[in-house]
Every structure is written in structure tokens, then in C-alpha cells.
Amino acid sequence: MRFKDIAINSPPTTNIPTPLYLRLMTETASNKKVRVRFAPSPTGGLHLGGVRTVLFNYLFAKHHGGDFIVRIEDTDQTRFVEGAEAYIFNTLEWCGLVPDESPLHGGPFAPYRQSERKPIYRQYAQQLIDAGKAYYAFDTSEELEAKRKEIPNFQYNQTTRTVLKNSLALSKEAVAELLAANTPYVVRICMPENEDLGFTDLIRGEVHFNTSQVDDKVLLKADGMPTYHLAVVVDDYLMQITHAFRGEEWLPSAPVHVLLWQYLFGLDQMPQWAHLPLILKPDGNGKLSKRDGDRLGFPTFAMDWTDPKTNETTIGFKERGFLPQAFINLLAVLGWNDGTDQELFTLQELIEKFSIERVHKGGAKFDYEKAKWYNQEWIKTLPATAYSHIVAPLFEAKGIALPDNDQFVAVLDTVKERCVFLNDFVLQAGFYFQTPAVVDLAAIQPKWDVKKQQFFVDLIAQYQLQTEWNSQVLEQVFKELATSQQIKAGELMLPFRIMLVGGKFGPAVFDIAAFIGQAETLHRIQQVIAQLTIA
RNA sequence: GGAGCGUUGGUCAAGGGGUUAAGACACCUCCCUUUCACGGAGGAAUCACGGGUUCGAUUCCCGUACGCUCUACCA
């Protein structure tokens with residue numbers, strides 16, 4: 001939201017500078033401690049959009065010295081997935097976003113799983129029915145489905161509810177009878193006929209709806225579980241949530257929530273809403289989905305997720321070789337920036353600089369290239385000691401034995417600027433610790449001749465005599481030999497590199513030779529010569 | 001269909017009544033580097049359209065187009 005949007009809404013007579021007004025509005029609205037919640041459904045892996053929602057919640061809370069709560073919204077038992085909740089907490093831990101309250105961390109407002117709060121919601125639903133703000137509806141799902149098929153754009157609303165099976169259309173006696181017979185029913189909100197429902201969104205400014213356009217949403221399902229609509233409002237109230245951030249896809253149902261607040265707890269108690277822009281597909285249009293990642297070859301989940309039913313694993317950013325610092329960073333700047341040129345932020349800096357007003361209104365297409373850049377930057381920026389413990393197992397998995405830690409870290413630091421992913425270290429540094437398994441012979445072969453072969457044979461002889469083994473000496477011997485044989489050193493450098501490294505990459509060759517030692521250097525040269533043929 | 005929301009280079013974006021309209025990613029050229037990266041210099045490329053308001057609109061207003069989200073006893 002821009003300052004001007006606020007200015008429009010503020011009385012023209014107040015001469016409070018807009019930034020202050022804005023601050024009053026968002027920060028000290030009611031002198032209450034800031035409390036935000038992330039409320040995921042445990043239905044699968046957490047994708048980019050979800051993590052960004054957590055992140056913005058977390059940053060806002062911590063920026064204001066408030067609490068960050070995680071509440072599990074598991075009211076739909078048909079969609080419940082085993083392991084999904086644990087996955088969510090593992091992801092938060094990896095990202096370094098520690099909840100102050102959650103089913104795992106406890107807290108004064110437990111339980112934090114909606115399935116464990118079932119009785120609470122019924123009581124509020126009853127309150128609404130008693131006040132005439134909600135009603136029983138006995139129509140079965142099948143009946144309604146048939147209606148939708150039959151009537152285009154069918155909605156359960158003020159015009160249709162009079163002819164459907166509910167406590168508004170039926171006689172009191174009929175309703176009592178149905179209830180007594182334990183007929184399954186849902187509770188629906190009774191939307192007023194023609195009222196303007198508006199609220200101030202922290203990102204979008206004033207947003208308005210007319211109640212005539214919104215249908216009578218189900219509040220309590222036939223199984224006694226609340227729908228999201230009832231549950232968020234009740235729990236946000238009970239858990240004293242002051243600011244509620246969620247994806248933009250929730251905007252159309254905001255009027256239902258506003259109305260519920262009005263009926264149940266009073267608008268002055270309502271948290272301030274902010275509807276976050278969506279993360280879009282890189283190509284085409286629409287919300288980024290797991291399928292897009294699969295299709296385009298990049299992760300959309302934070303960490304690997306294995307579906308317990310299909311046993312199918314979806315790759316995550318973590319396993320792809322992303323640093324959590326980079327992951328957090330790239331998500332934070334997708335739809336937000338601090339107004340300066342800065343692009344690299346630590347979590348601490350994000351907490352300090354974050355402001356919900358600077359979040360964009362429009363969705364952002366996800367750019368994996370840029371995401372990779374962030375990771376590369378973070379790998380480069382951080383000392384290797386920060387991630388050597390993550391990288392070491394990757395080498396071990398390939399059967400590469402590692403030297404002592406100091407040496408290992410030193411090697412990582414020398415090659416880190418060539419790594420986009422943590423996994424790249426295996427290729428970029430593996431040759432320091434192990435003879436290359438594959439050597440790019442094809443890159444040497446075409447220009448290989450008797451003279452070059454002789455050079456390397458002689459080089460082996462020369463190097464064998466060396467008692468001092470450091471890069472300066474090795475380079476000097478190499479060049480002198482080249483000169484004496486009237487071959488340009490440049491023509492020999494690449495073959496030499498490939499012999500030692502396996503391919504056309506890596507840091508200075510003589511440094512590598514110095515590191516791997518005399519015996520190993522000679523061994524690698526010999527081995528490759530043996531595999532080359534002279535045309 | 002309806003409602004709501006959105007729209008600055010290919011992408012992320014700063015900015016906002018008068019500017020040569022920042023910066024980053026990607027792309028191209030060159031330098032550095034006897035490899036690959038890193039780094040450095042440069043290049044190409046943009047305010048969706050139409051009306052207003054105004055001396056002046058990318059910026060403010062109104063339309064239009066386009067896009068997205070929702071339209072479930074899912075969240």
C-alpha cells in the first residue's frame with residue numbers, strides 16, 4: 001500500500017504526517033502485543049508460497065517484538081496426510097523460524113490443533129443460530145451437487161435459501177423433527193441482503209464487498225467440524241491474534257470473516273488483515289504449483305516430501321543444495337524490498353527492515369535463475385565453516401574420504417565461488433581428495449601428439465626429482481621444460497589440468513598439484529597418458 | 001457468468017506530476033583469468049491501451065483490455 005492510499009482514508013482535518021498515521025494503524029493499533037499466526041493444513045509438503053507466508057508472519061512478529069504462533073488447521077479429515085505436520089515443523093526448523101507457540105512448542109492457548117478444539121466451535125455456531133445469524137441446512141451434498149448441475153451459477157444464498165431444506169424455509173416443527181431424528185445438517189451463515197462490508201487491508205487499502213454477492217457459507221460441517229471460515233475467526237479471537245496474513249486467494253472470503261467478527265466478537269477486536277500476493281508460474285500465468293516445478297525442473301517444496309500414499313518423493317530446496325539463508329532471502333524479496341539496492345539480507349536484517357506496507361499488491365513470477373543466484377551469493381559470502389558440516393556428508397555419500405577439517409574447509413573456501421548448489425562442491429573439490437573417476441579425454445585427444453606425450457613423460461621424470469613440492473617450483477619446472485622443448489606452455493596447461501582435475505574447471509593447476517602431492521600428481525599424469533593414443 | 005484483486009524491460013523491481021525511468025537476474029560484447037568460475041567495463045530492452053485533469057502525465061481520475069483469485073460440508 002502506498003502512503004497516499006492511507007491519506008485518502010484518514011480524515012482530511014488530521015494533520016498527522018502519513019507515515020506516523022500508518023505506524024499508528026499497523027503497529028500500535030490497540031497497544032496489544034503483536035501476535036501473528038501461520039495456519040497450515042497438514043495435507044502435504046510446504047511449498048514456496050506457504051513458506052513465504054510463514055516468513056512474512058515471522059518477520060512482522062519479530063520486527064514488532066511479538067509472538068509467532070503456528071496453528072494446525074486440520075479440520076478436513078479427508079485430506080489429512082500422515083507426516084505432513086512433522087514436515088512443516090522440520091521445514092520451519094531448517095529455515096530458522098522458531099514458533100513461540102505451536103502444538104510442538106506448547107503455549108498458553110493450547111491446543112493448537114483445530115481437530116482438538118472441535119467442541120469450541122460448535123458453541124459459537126450455536127450462538128450464531130440463537131442470534132439468527134446462522135441456520136441449519138439439511139440439504140445433502142448430493143442434492144446440492146444436482147442443483148449446481150441443473151442451474152448454472154447456482155449458489156446457496158439469499159434468493160435460493162428460501163426454497164431449500166433449511167431452518168429458514170422449513171417450519172419450526174419440521175426443523176425440530178429433523179433434528180430429533182438426527183438428520184445430518186450443516187450450519188450456514190445467513191448473509192444480510194444488501195450491506196456493504198469493508199475492511200482495511202494492510203497491503204491493499206480499503207477493500208469492499210456487497211453481501212448480496214456472497215453466499216451462505218457453511219460454518220459447521222455435518223461431521224461437527226468447523227469449516228475454515230468459522231475456525232479462523234474463533235481461533236484468532238481466542239488466541240488473541242492481532243494481525244492476520246494469508247494468501248490473496250482468501251480475499252473473496254474475507255467478507256464472511258469480517259461478518260463473523262462483527263457477529264461474534266466485535267469489529268474492534270478483529271485482527272488487521274493483509275492478503276499477500278501470489279507467487280506465479282515462471283511461464284504463462286497462474287499460481288505456481290508443484291507441477292510447474294516438476295515440469296520446469298526446479299523444486300517448489302522447501303524440503304523433500306514423500307507422499308505416504310504414493311511413496312512418490314518431490315524434491316525440496318534443501319536437498320537440491322540450497323542454504324537456508326539463501327532460501328529465506330530469495331523468498332523475502334519475492335514481493336517485498338526495503339526500498340534500497342540491497343538484495344542480500346540475513347534473517348536478522350530482514351527482521352529489522354521488514355514492513356508489511358512495502359509488500360507488493362501484484363503477484364510475482366518465480367524466477368529459478370534468480371533463486372540460484374541467491375544461493376551462489378550466499379555460498380560465496382559465508383565462510384565454508386558455516387556449511388562444511390552439510391557438505392561433508394555429500395562427499396562421504398560418494399565414497400570420497402576427507403582430510404582433517406581444517407584442510408577440508410580450506411579447500412571449500414577456495415572453490416566456493418564456483419558453486420551454485422552445495423552439491424556442486426563434490427565436483428568442484430572432489431579431485432582434491434580422490435583421483436578423478438572420469439576424465440574428459442575427448443578434450444585432450446584431438447590435439448595430442450608425440451611432442452606433448454614426450455613432454456609429459458619428461459615432466460614426470462623432472463617432478464620425480466623434486467624434493468621441494470610447492471606450486472611456484474612446480475610451475476617453474478613445468479615452464480622451463482616447455483621452453484626447452486619449444487612447446488607453448490598454453491598448449492600444455494589444459495591437458496595438464498584435465499589430467500589432475502578430470503575436466504576443464506577448477507582453481508589454479510599448480511596449486512592443485514601442490515595440494516594433492518607428488519605421488520598422486522605423477523600417478524594422475526601417468527594414468528591419463530596411458531589412455532591417450534597418438535594419431 | 002458473477003464478485004474481488006492486480007498490471008513499470010524477458011523476470012524481480014526502485015521511483016513517482018517535469019528524471020538521461022535506479023538496481024538485480026537472464027541475454028550480448030569486451031577486459032581479467034594459459035581452464036571453469038569470481039570480478040570489472042559496456043550493450044540491447046520497459047511505464048498495457050484510450051480518454052480526461054494539468055503548462056506538463058509512467059505517476060492523479062474515469063473507462064477499456066488483459067491477467068489472476070474465489071465462486072465446495074478444501075483450506
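Letters go in sequence order (proteins before strands), and every chain restarts at 1. Worth saying up front: this structure is predicted, and the values here are computed from it rather than measured.
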Most 5' of A:Pro507 and A:Asp223 on RNA chain B, judged by nearest nucleotide: A:Pro507
With rounding to the closest Å, how many angstrom separate the C1' atoms on B:rU33 and B:rA24? 25 Å
When you compare B:rC38 with B:rG4, how far apart are their P atoms, in angstrom units rounded to a whole number? 49 Å
Using the P atom as the reference point in each nucleotide, state the distance between B:rU8 and B:rU58 in Å, no decimals. 15 Å
Under 4.0 Å protein heavy-atom contacts per nucleotide of nucleotides 21-27 of chain B, with B for base, S for backbone only and - for none: -BSBB--
Between A:Phe425 and the options A:Phe431, A:Phe433, A:Tyr387, A:Tyr432, the ring-ring contact (aromatic ring centres under 6.0 Å, His included) test singles out A:Tyr387
For A:Val81, what residues pass the side-chain contact (heavy atoms from CB on, under 4.5 Å) criterion, not counting sequence neighbours? A:Ala84, A:Trp305, A:Pro308
Salt bridge (charged side-chain N to carboxylate O under 4.0 Å, His left out) partners of A:Lys380, counting only residues at least two apart: A:Glu377
Heavy-atom neighbours of A:Glu150 CD exceed 12 at 6.0 Å: yes
Which of these nucleotides, B:rA75, B:rG4, B:rA14, is closest to any side-chain atom of A:Glu73? B:rA75
Using the C1' atom as the reference point in each nucleotide, state the distance between B:rA13 and B:rU46 in Å, no decimals. 12 Å
List the protein contact pattern of nucleotides 65-71 of chain B with one symbol per nucleotide (5' to 3'): B for base contact, S for sugar-phosphate-only contact, - for none; contact means a heavy-atom distance under 4.0 Å. --SSBSS
Partner residues of A:Glu145 under the salt bridge (charged side-chain N to carboxylate O under 4.0 Å, His left out) criterion, sequence neighbours left out: none
Between B:rG15 and B:rG9, how far apart are the C1' atoms? Round to whole Å, please. 15 Å
Taking only residues two or more places apart in sequence or in another chain, which ones pass side-chain contact (heavy atoms from CB on, under 4.5 Å) with A:Gln476? A:Glu480
Qualifying residues under side-chain contact (heavy atoms from CB on, under 4.5 Å), relative to A:Lys118, sequence neighbours excluded: A:Met225
A:Val232 near the nucleic acid: base, sugar-phosphate alone, or nothing, with a heavy-atom cut-off under 4.0 Å? nothing
Stems field, RNA chain B, Watson-Crick or wobble, 3.5 Å, at least 3 pairs, by first number, holds B:1-7 with B:65-71, B:10-12 with B:23-25, B:27-31 with B:39-43, B:48-52 with B:60-64
Partners of A:Pro255 by side-chain contact (heavy atoms from CB on, under 4.5 Å), sequence neighbours excluded? A:Leu197, A:Phe209, A:Val214
For B:rA75 versus B:rU64, give the span between their C1' atoms, rounded off to a whole number of Å. 35 Å
Determine whether any donor atom in the side chain of A:Arg418 lies under 3.5 Å from an acceptor atom in the base of B:rC36, or the reverse, and answer yes or no. yes
Using a cut-off of less than 4.0 Å, is there contact between a side-chain N or O of A:Lys479 and OP1 or OP2 of B:rU34? no
Strand-adjacent residues in residues 40-52 of chain A, judged by heavy atoms under 4.0 Å from RNA chain B: A:Ser41
Pairs under 3.5 Å (N/O, protein and nucleotides 30-33 of chain B):
none

For A:Asp76, give me all partners under salt bridge (charged side-chain N to carboxylate O under 4.0 Å, His left out), at least two apart in sequence or on another chain. A:Arg79
